[in-house]
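Here the structure is laid out as structure tokens; the discussion comes afterwards.
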Amino acid sequence: MRGNVIAVVVFVLLGLLQSPASAQDLIQKTQSLFDGETLHGWDADPRFWSVEEGAITGRTTAEKPTRGNTFCIWRGGETSDFELTFDFRIEGHNSGVQFRSFPLPDGADRWRLGGYQADFDAANQWSGTLYGEKFRSVLAKRGERTVITGATMSKSKKKPKLVATRTITAIAQADQLADGIRAYPAWNRYRIVANGNKFELYINGKLMSQCTDNDEENRRS
């Protein structure tokens, strides 16, 4: 979480997608990840994360900044394939919801992770983008359908990093998709679909980005 205010009101995990399921099976597999009152089942730095007005809320200020990203982590189990639905709003800077995550190997604190990240930001430049946090950088921008075939080291002399090799086709114009994302203080509905090595991000019912990760060496399952 990076920014001034980010609030997420409800997380609902829609269950496994590995085999065809009846409507009743899907209902039985649906799990709410947030009780609406406490951070029970979650692990976060209490200096930044709390529950306010029924929403998981992260807040940074000039007087209380973070040294880097700090996540509120669900510790209630491990997922396979899933659909995750949540509502969000954000005031200032940028944030996101990460999945299929991993701890960083550089001795960072327990609230810093790498993995696939469904981005959203107050300026609405990155909302709907699938980003690889400490994990091959941009994977699919808003409006893109990508296939990742591998990864190469960037040419940066100061801080080289692994970046995804992608083939890209268009889903829609990014600016047109952005028009459907409401500014603070309005809420937006985000839906993440993770099915094997294929990922789709939706905001307010519209497909924002789609990624097929064929990079067997680096992808997460």
Side-chain angles (χ1 to χ4, degrees), residues 1-16 26-80 82-104 108-124 126-131 133-134 180-194 201-205 208:
M1 185 278 296
R2 293 165 290 188
N4 294 336
V5 178
I6 171 264
V8 180
V9 68
V10 60
F11 289 84
V12 179
L13 194 67
L14 290 182
L16 304 182
L26 186 60
I27 291 171
Q28 291 175 351
K29 292 177 181 177
T30 299
Q31 179 180 356
S32 177
L33 306 186
F34 173 49
D35 63 17
E37 297 179 354
T38 72
L39 291 180
H40 177 72
W42 296 79
D43 180 18
D45 189 332
R47 293 176 299 171
F48 305 109
W49 291 95
S50 63
V51 176
E52 297 181 13
E53 299 180 356
I56 297 176
T57 303
R59 189 186 307 275
T60 64
T61 64
E63 297 75 25
K64 190 173 65 174
T66 66
R67 292 185 297 174
N69 291 355
T70 181
F71 289 93
C72 183
I73 306 166
W74 181 65
R75 301 286 193 188
E78 294 186 356
T79 62
S80 175
F82 65 87
E83 295 187 17
L84 174 68
T85 301
F86 60 93
D87 293 336
F88 76 93
R89 64 181 185 178
I90 180 169
E91 181 183 23
H93 301 285
N94 63 86
S95 189
V97 169
Q98 199 180 114
F99 56 98
R100 295 189 177 171
S101 306
F102 54 90
L104 301 184
D109 67 53
R110 72 176 192 242
W111 299 302
R112 293 184 62 201
L113 302 170
Y116 298 100
Q117 185 168 289
D119 276 353
F120 52 88
D121 64 310
N124 209 11
W126 294 97
S127 298
T129 290
L130 181 64
Y131 184 74
E133 177 73 18
K134 305 295 183 182
I181 303 173
R182 297 181 285 270
Y184 186 89
W187 292 91
N188 296 274
R189 173 63 54 90
Y190 219 127
R191 177 169 161 249
I192 301 169
V193 179
L201 304 183
Y202 297 82
I203 299 180
N204 297 329
M208 296 283 136

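Side chains are part of it too, since the values below use all heavy atoms of this structure and drop only hydrogens, waters and symmetry mates.
For residues 30-43, the salt bridge (charged side-chain N to carboxylate O under 4.0 Å, His left out) pairs, not counting sequence neighbours, are Asp43-Arg75, Asp43-Arg110.
Arg89 places no side-chain N or O within 3.5 Å of a backbone atom of Tyr184 that could act as its donor or acceptor partner. In this structure, Asp119 contributes its side chain and Trp126 its backbone to no donor-acceptor pair below 3.5 Å.
Across Ile192 and Ala118, no two heavy atoms sit closer than the pair CD1-CB, 3.6 Å. For the residue pair Trp187 and Ala55, the shortest heavy atom distance occurs at CH2-CB, 4.1 Å. Closest approach of Asn69 and Glu133 over heavy atoms only: ND2-OE2, 2.8 Å. Scanning both residues, Phe34 and Gly54, for their nearest heavy atoms gives CE2-O, 3.3 Å. Between Ser127 and Ile181, the closest heavy-atom pair is CB-CD1, 3.8 Å.
Interatomic distance, CH2 of Trp111 versus CZ of Phe71, reported as 14.0 Å (0.5 Å rounding). In this structure, CG in Leu84 is found 10.5 Å from CG in Leu201, a value given to the nearest 0.5 Å. Note: Met208 CE to Leu130 CG = 13.5 Å, rounded to the nearest 0.5 Å. Of the inter-residue distances, the one linking Ile203 atom CD1 with Asn124 atom CG reads 7.5 Å to the nearest 0.5 angstrom. Rounding to the nearest 0.5 Å places CD of Glu52 at 11.0 Å from CH2 of Trp49. Rounded to the nearest 0.5 angstrom, Leu104 CG and Arg112 CZ are separated by 5.5 Å.
Residues Trp42 and Ile56 are in side-chain contact: their nearest non-hydrogen atoms beyond the backbone lie under 4.5 Å apart. At a threshold of 4.5 Å between non-hydrogen side-chain atoms, the residues Phe99 and Thr79 do not count as touching.
By the side-chain hydrogen bond (donor to acceptor under 3.5 Å, both in side chains) test, Thr129 pairs with no residue at all, sequence neighbours left out. Legend: residues meeting side-chain hydrogen bond (donor to acceptor under 3.5 Å, both in side chains) with Asp45, ordered by chain and number and at least two apart, are Arg47. Take Glu78 and apply the salt bridge (charged side-chain N to carboxylate O under 4.0 Å, His left out) test, not counting sequence neighbours, and it matches no residue. Taking Tyr116 as the reference, Asp213 meet the side-chain hydrogen bond (donor to acceptor under 3.5 Å, both in side chains) condition, with sequence neighbours excluded. By the side chain to side chain contact (heavy atoms under 4.5 Å, CB included) test, Ala123 pairs with Asp121, Gln125, sequence neighbours left out.
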Before you tell me yes or no, could you show the steps for Thr85 and Arg189 under side chain to side chain contact (heavy atoms under 4.5 Å, CB included), namely the whole-Å CA-CA distance, both residues' side-chain angles and the distance that decides it to 0.1 Å? CA-CA 7 Å; Thr85 301; Arg189 173 63 54 90; 3.1 Å; yes
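In this structure, Phe86 and Phe120 have tilted ring planes: the angle between them lies in the 30° to 60° band.
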